> 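First, the structure itself, so that you have it in front of you.
Computed from a predicted structure; not experimentally measured. Along the sequence shown, residues are numbered consecutively beginning with 1.
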Amino acid sequence: PSLTTEASSRTPCLTPAQDYDIPDPELSELGQQQCRTLEQHLRQHLPLADKVERIITSPMRRTLETTTLGLDWLIKRGVPAEADALWQGK
């Protein structure tokens with residue numbers, strides 16, 4: 001099973017995903033709240049989330065923050081998490 005998500009960043013993305021000059025913004029307060037909501041939703045309403053065996057994320061700051069804030073309960077349980085540059089800009 002796989003899950004894909006990214007919370008809101010402080011800088012809106014106004015340029016194409018292929019533009020690797022895009023700044024690497026951190027999550028906004030809204031993005032942090034979205035991560036907390038994601039965690040609650042996954043834990044309460046998506047039993048499939050308990051079957052996740054690996055987390056792969058982009059190395060961009062906002063996706064790393066989304067992973068560590070929204071999926072920390074899986075990481076603490078021992079699910080391996082890795083950053084893979086192939087996911088950047090997807």
Side-chain angles (χ1 to χ4, degrees):
S2 66
L3 302 170
T4 305
T5 186
E6 177 183 324
S8 294
S9 64
R10 293 191 183 274
T11 307
C13 187
L14 301 175
T15 57
Q18 293 77 22
D19 182 355
Y20 292 103
D21 292 329
I22 298 171
D24 191 11
E26 61 189 11
L27 290 180
S28 64
E29 289 181 31
L30 172 61
Q32 292 173 10
Q33 178 58 44
Q34 289 171 332
C35 290
R36 288 187 286 275
T37 301
L38 170 68
E39 178 183 0
Q40 291 172 357
H41 180 78
L42 291 175
R43 293 182 91 165
Q44 295 173 5
H45 303 290
L46 191 64
L48 183 63
D50 281 329
K51 299 184 187 302
V52 170
E53 296 176 359
R54 178 173 303 279
I55 300 166
I56 302 172
T57 187
S58 161
M60 300 296 289
R61 180 180 300 159
R62 65 187 179 275
T63 54
L64 290 171
E65 287 184 44
T66 298
T67 299
T68 57
L69 292 174
L71 304 177
D72 70 325
W73 58 283
L74 291 171
I75 296 168
K76 287 177 182 174
R77 197 179 73 201
V79 175
E82 64 183 84
D84 186 333
L86 293 175
W87 290 93
Q88 181 175 336
K90 300 286 184 198

> Return the set of residues passing salt bridge (Lys or Arg N to Asp or Glu O under 4.0 Å) with Glu65 (not counting sequence neighbours), or none when no residue passes.
none
> Return each pair, listed once, that meets ring pair (Phe, Tyr, Trp, His ring centres under 6.0 Å) where at least one residue sits in residues 29-56; pairs must be two or more places apart or across chains.
His41-His45
> Where is the tightest heavy-atom contact between Asp84 and Leu86, given as atom of each residue plus distance?
OD1-N, 2.8 Å
> Measure the CG-CZ distance between Leu27 and Arg61 for me, rounded to the nearest 0.5 Å.
10.0 Å
> side-chain contact (heavy atoms from CB on, under 4.5 Å) with Gln40: which residues, sequence neighbours excluded?
Gln44
> Give a yes or no on whether the backbone of Ser58 and the side-chain of Thr63 come within a donor-acceptor separation of less than 3.5 Å.
yes
> For Arg43, check salt bridge (Lys or Arg N to Asp or Glu O under 4.0 Å) against everything at least two apart and list the hits.
Glu39
> With sequence neighbours left out, what residues match Glu82 under side-chain contact (heavy atoms from CB on, under 4.5 Å)?
Arg54, Ile56
> Between Pro59 and Leu64, what is the shortest heavy-atom contact and its length?
O-CD1, 3.3 Å
> About how many Å separate OG1 of Thr67 and CZ of Arg62, when rounded to the nearest 0.5 Å?
11.5 Å
> Would a 4.5 Å heavy-atom cut-off, applied to side chains only, mark Lys51 and Leu48 as touching?
yes
> I'd like a table of donor-acceptor pairs (distance under 3.5 Å, sequence neighbours excluded) in which one partner is a side-chain atom from residues 73-80, with atom names and distances.
residue	atom	partner	partner atom	Å
Trp73	NE1	Gly70	O	3.4
Arg77	NH1	Asp50	OD1	3.3
Arg77	NH2	Asp50	O	3.1

> Say you draw a straight line from CG of Leu69 to CD of Gln34; how long is it, rounded to the nearest 0.5 Å?
11.5 Å
